[in-house]
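Heads up, the thing below is written out as structure tokens.
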Amino acid sequence: MTAPHDEPDHGLSEAATLSSKEIFEIIREEGDEELERPNRSLMWSGIAAGVMISLSVLGEAIFRTYLPDAKWAYLVENLGYSLGFLVVILGRMQLFTENTISTVLPVISDASLSKFNRMAVLWAIVLSANVVGAFLIATVFAYTAAIPSELLPAIEELSRHATGFGASEAFQRAIPAGVLVAAIVWMLPKSEGFALFVIVIFTWLIAAGDFTHIVAGSVEMAFLMVQGLLPFTDALFGFFLPVLLGNIVGGTVIFALLAFGQVRNELDEDLLD
């Protein structure tokens, strides 16, 4: 038997040499697969993602509660934000902001009304399911003993901060978050062996940069809403819709279209061949 270290790691070498066109094709094919999944599978996967992304809020709250009051604590605290994203992304659950690039590439590379309609349906299902999952877990946080009581003040502080921006600022802060999540999706095919590092660093940047994310933020929004601490209209128009739009602009209008732009001529050449 040959020792493992004697065998070349073809996966890593292939990943290291992927071109932009090949990365585009990998994500486009994955997007096509997502568009073909049954609606029920999308729904349950989306609910699971909405529940598990709450680990980002919980992780931050744990660090905030127990770290000393020091300037550097903020940077360490935001490492907790990566926990939910690690579970959701590595667990291949349906997270709406990933779909702002993965399911968009098949549509813009082979535009058709049927594909666009299918993408719109998938977005609606996944976003709704993410929000349902967020409300379910927020209710557990608020009304059961599952979460230690000493963590609840930190969760409330984080939730009030995340939902406390004005609509315009919430929208603008959501754009970088959309770009960063799309960047994670773009880099993962070339990140074999250090995907965990990529996810941690880029989701930490979302938290440390004080950017807004529609799904993780929905857990915080729901935590306040289920306790009557955030009115519905303020939640919808001051947080949810502006952040949703900003994430879409960052993930689709900016990142996905730029990604398509850099490989469009190469894809056209392949069609001519």
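Bear in mind the structure is a predicted one, so any value in this text is a computation, not a measurement.
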Of all heavy-atom pairs between [X] and [Y], which one has the smallest distance, and what is that distance?
{"X": "Leu83", "Y": "Leu55", "answer": "CB-O, 3.9 Å"}
{"X": "Pro68", "Y": "Ala73", "answer": "O-CB, 3.4 Å"}
{"X": "Ala174", "Y": "Pro242", "answer": "CB-O, 4.5 Å"}
{"X": "Ile101", "Y": "Gly251", "answer": "CB-O, 4.1 Å"}
{"X": "Ala142", "Y": "Val226", "answer": "CB-CG2, 4.0 Å"}
{"X": "Phe24", "Y": "Ala259", "answer": "CD1-O, 4.2 Å"}

Can you get from [X] to [Y] by hopping between Ile, Leu, Val, Met, Phe, Trp and Tyr side chains that sit under 4.5 Å apart?
{"X": "Phe165", "Y": "Val249", "result": "no"}
{"X": "Val57", "Y": "Tyr143", "result": "yes"}
{"X": "Phe240", "Y": "Leu158", "result": "no"}
{"X": "Leu105", "Y": "Leu113", "result": "no"}

Would you call [X] and [Y] a side-chain contact if the rule is heavy atoms closer than 4.5 Å?
{"X": "Arg28", "Y": "Pro106", "answer": "yes"}
{"X": "Val126", "Y": "Leu122", "answer": "yes"}
{"X": "His161", "Y": "Asp210", "answer": "yes"}
{"X": "Phe171", "Y": "Val243", "answer": "no"}

For [X], does the [atom1] atom sit with more than 12 other heavy atoms under 6.0 Å from it, leaving out its own atoms?
{"X": "Tyr66", "atom1": "OH", "value": "yes"}
{"X": "Trp123", "atom1": "CH2", "value": "yes"}
{"X": "Arg92", "atom1": "CZ", "value": "no"}

Gap separating the [atom1] atom of [X] from the [atom2] atom of [Y], nearest 0.5 angstrom:
{"X": "Thr103", "Y": "Ile108", "atom1": "OG1", "atom2": "CD1", "result": "10.5 Å"}
{"X": "Ile47", "Y": "Ile137", "atom1": "CD1", "atom2": "CD1", "result": "12.5 Å"}
{"X": "Leu42", "Y": "Met93", "atom1": "CG", "atom2": "CE", "result": "14.5 Å"}
{"X": "Phe135", "Y": "Met221", "atom1": "CZ", "atom2": "CE", "result": "4.0 Å"}
{"X": "Ile201", "Y": "Ile184", "atom1": "CD1", "atom2": "CD1", "result": "10.5 Å"}
{"X": "Met43", "Y": "Ile125", "atom1": "CE", "atom2": "CD1", "result": "9.0 Å"}

Does the [X] side chain pair with the main chain of [Y], one donor and one acceptor, at a distance under 3.5 Å?
{"X": "Arg118", "Y": "Leu35", "answer": "yes"}
{"X": "Ser191", "Y": "Phe194", "answer": "no"}
{"X": "Asn247", "Y": "His213", "answer": "no"}
{"X": "Ser45", "Y": "Ser41", "answer": "no"}
{"X": "Thr212", "Y": "Ala170", "answer": "yes"}
{"X": "Glu22", "Y": "Ser19", "answer": "yes"}
{"X": "Thr252", "Y": "Thr100", "answer": "yes"}

Show your reasoning for whether side-chain contact (heavy atoms from CB on, under 4.5 Å) applies to Trp72 and Leu67.
CA-CA 10 Å; Trp72 53 263; Leu67 282 175; 4.1 Å; yes
Do Gln94 and Asn99 get their side chains close enough for a donor-acceptor pair, meaning under 3.5 Å?
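Per modelled atom types, Gln94 and Asn99 side chains form a pair under 3.5 Å.
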Between Gln172 and Ser168, do the side chains contain a donor N or O and an acceptor N or O under 3.5 Å apart?
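Distance-only check passes for Ser168 and Gln172.
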Test Lys115 against Asp32 for salt bridge (charged side-chain N to carboxylate O under 4.0 Å, His left out), laying out the working first.
CA-CA 9 Å; Lys115 272 197 173 180; Asp32 272 326; 3.3 Å; yes
Salt bridge flag under 4.0 Å for residues Glu169 and Arg173:
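Yes, this pair counts.
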Do Arg160 and Glu156 meet the salt-bridge criterion of a basic N to acidic O distance under 4.0 Å?
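Between Arg160 and Glu156 there is a salt bridge, with a charged N closer than 4.0 Å to a carboxylate O.
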Is there a side-chain contact (heavy atoms from CB on, under 4.5 Å) between Val51 and Val219 once you walk through the steps?
CA-CA 8 Å; Val51 170; Val219 176; over 6 Å; no
Before giving the answer on side-chain contact (heavy atoms from CB on, under 4.5 Å), spell out for Phe96 and Leu244 the whole-Å C-alpha distance, their side-chain angles and the decisive distance to 0.1 Å.
CA-CA 10 Å; Phe96 175 77; Leu244 174 62; 3.4 Å; yes
By the definition side-chain contact (heavy atoms from CB on, under 4.5 Å), identify the one residue from Leu90, Val87, Val88 that meets it with Ile199.
Leu90
Given the rule in the side-chain contact (heavy atoms from CB on, under 4.5 Å) test, do Leu180 and Thr203 qualify, once you have shown the distances and angles that lead to the verdict?
CA-CA 7 Å; Leu180 287 168; Thr203 53; over 6 Å; no
Between Trp186 and Phe255, what is the ring plane arrangement, given parallel below 30°, perpendicular above 60°, and tilted in between?
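Ring orientation, 0 to 90° scale: perpendicular.
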Are the aromatic ring centres of Tyr81 and Trp204 under 6.0 angstrom apart?
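Tyr81 vs Trp204: aromatic centres not under 6.0 Å.
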